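Before any comments, here is the structure.
Here is the naming used below: chain letters follow the sequence lines, and residue numbers restart at 1 for every chain. Source: prediction; values computed, not measured.
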Amino acid sequence: MYMTGTMKKLSESFYDRTDVLKISRDLLGKVLITNFSGEITSGRIVETEAYAGVGDRASHAFGGKRTSRMEAVYGSPGTIYIYICYGMHHLFNVVTNKVNIPHAILIRALEPLEGIEIMLKRTGKKQADFTLTRGPGNVSRALGMAKEHSGGNLLSGEIFIGDDGLRYKKDQIVITRRIGVEYAREDAERLYRFIVKGNPYVSGKKS
DNA sequence: CGACCGATCGTCT
DNA sequence: GACGATCGGTCGA
């Protein structure tokens with residue numbers, strides 16, 4: 001996959017919108033980039049999941065719950081929210097909507113673009129196969145993101161999201177239920193997962 | 001390909 | 001003391 005044009009960093013207005021589903025869809029095709037002391041790694045976003053805040057049982061902020069662990073999800077649009085799952089995976093989320101409205105979007109898969117050698121070094125993998133950036137735990141490992149980055153933002157730091165002009169058409173996108181949120185009862189059925197049809201980096205079962 | 005299982009530990013009850 | 005917004009390996013059909 002090639003870069004299609006000049007990379008333009010997304011501005012706060014992209015994240016400062018009320019419709020977390022629309023933003024989740026809009027994030028498909030955008031490029032997530034990390035630059036740690038010149039070590040640049042990036043990948044195109046091909047799978048996202050929306051978490052709709054206080055009214056969503058699958059959201060950490062359900063019912064207005066608020067703890068220090070999840071403080072970042074209540075931050076301003078463009079804030080980074082990373083938490084540890086199962087004691088070993090750091091899951092990267094984009095915070096959207098206004099401050100104190102805890103909307104978040106989990107980035108579940110990328111198609112690698114730059115810095116594949118660095119990603120191999122970070123993950124300890126020997127081959128750049130489709131597992132390199134498939135699944136939210138692998139995304140964070142490959143791009144070097146960890147919970148220490150939680151609370152930072154995508155507008156002025158070493159982690160950001162760019163737009164190189166690529167757009168997916170409607171028939172290239174599939175919408176499904178979220179993965180791994182069975183505990184959320186009826187909210188587990190919400191169609192909040194957005195994937196690029198047929199992309200080999202997308203997690204979960206093949207269709 | 002599907003089902004299951006162990007790893008691993010910070011956070012909240 | 002229990003539980004995850006997961007992953008990778010194994011086992012059986």
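Nearest nucleotide to the side chain of A/Asn138, out of B/dG10, B/dA7, C/dC7: C/dC7. For A/Ser68, counting side-chain heavy atoms from C-beta on, the closest listed nucleotide (B/dC12, B/dG10, C/dT6) is B/dC12. In this structure, of B/dT8, C/dA5, B/dG10, it is B/dT8 that holds the atom nearest to the side chain of A/Met88. Relative to the side chain of A/Ile84, the nucleotides C/dA5, B/dG10, B/dC12 differ in distance, and B/dG10 lies closest. Distances from the side chain of A/Thr131 to the nucleotides C/dG8, C/dT6, B/dT8 place C/dG8 closest. Side-chain atoms of A/Pro136 lie closest to C/dT6 of the nucleotides B/dT8, C/dT6, B/dG10. Which of B/dC12, C/dG8, C/dA5 sits closest to the side chain of A/Thr67 comes down to B/dC12.
Rounded to an integer number of Å, the gap from A/Glu47 CD to C/dC7 C1' is 14 Å. With rounding to whole Å, A/Met70 atom CE is found 12 Å from C/dA5 atom C1'. Per the geometry, OH belonging to A/Tyr86 stands 17 Å off P belonging to B/dG10, to the nearest Å. Between the CD atom of A/Glu182 and the P atom of C/dT6 there is a distance of 11 Å, given to the nearest Å. Distance A/Lys147 NZ to B/dT11 C1': 10 Å, rounded to the nearest Å. Remark: P of B/dT8 and CG of A/Leu91 are 18 Å apart, rounded to the nearest angstrom. When the P atom of B/dG10 is taken as reference, atom CD1 of A/Ile82 falls 17 Å away, rounded to whole Å. Going from atom CZ of A/Phe92 over to atom P of C/dT6 covers 16 Å, rounded to whole Å.
By the rule that hydrophobic residues join a cluster once side-chain heavy atoms approach within less than 4.5 Å of another member, A/Val54 and A/Tyr51 end up as members of separate clusters. Cluster membership for A/Val94 and A/Met145, using ILVMFWY side-chain heavy atoms within less than 4.5 angstrom, is shared.
Spacing between C/dG8 and B/dG10 at atom C1', rounded to whole Å, works out to 22 Å.
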| query | Step by step, would you call A/Ile107 with A/Thr48 a side-chain contact (heavy atoms from CB on, under 4.5 Å)? | reply | CA-CA 5 Å; A/Ile107 305 303; A/Thr48 61; 4.0 Å; yes
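What you find for A/Asp129 and A/Tyr201 is that their closest heavy atoms are O-CE2, 4.1 Å.
Across all strands shown, A/Arg69 has heavy atoms under 4.0 Å from sugar-phosphate atoms exclusively, and none from any base. Counting any heavy atom pair closer than 4.0 Å across all strands shown, A/Arg141 reaches sugar-phosphate atoms only and no base atom. Within the nucleic acid shown, A/Leu106 comes within 4.0 Å of at least one base atom, counting heavy atoms only. Heavy atoms of A/Asn93 sit under 4.0 angstrom from at least one base atom.
Taking the 5.5 Å centre cut-off and the 30° plane limit, the aromatic side chain of A/Tyr51 is classed as stacked on C/dA5.
Between A/Arg134 and C/dG8 there is no side-chain polar atom (N or O) within less than 4.0 angstrom of OP1 or OP2. A sub-4.0 Å separation between OP1 or OP2 of C/dA5 and a side-chain N or O of A/His89 is absent. A close approach under 4.0 Å does occur between a side-chain nitrogen or oxygen of A/Tyr183 and OP1 or OP2 of C/dA5. Look at A/Lys65 and you won't find any side-chain N or O under 4.0 angstrom from OP1 or OP2 of B/dC12.
Looking at A/Thr34, its side chain does come within 3.5 Å of a backbone N or O of A/Leu143 through a donor-acceptor pair. Looking only at distances, no side-chain donor or acceptor of A/Asp187 sits under 3.5 Å from a matching main-chain atom of A/Ala58.
Look at C/dA5: it lacks any Watson-Crick or wobble partner with both distances under 3.5 angstrom.
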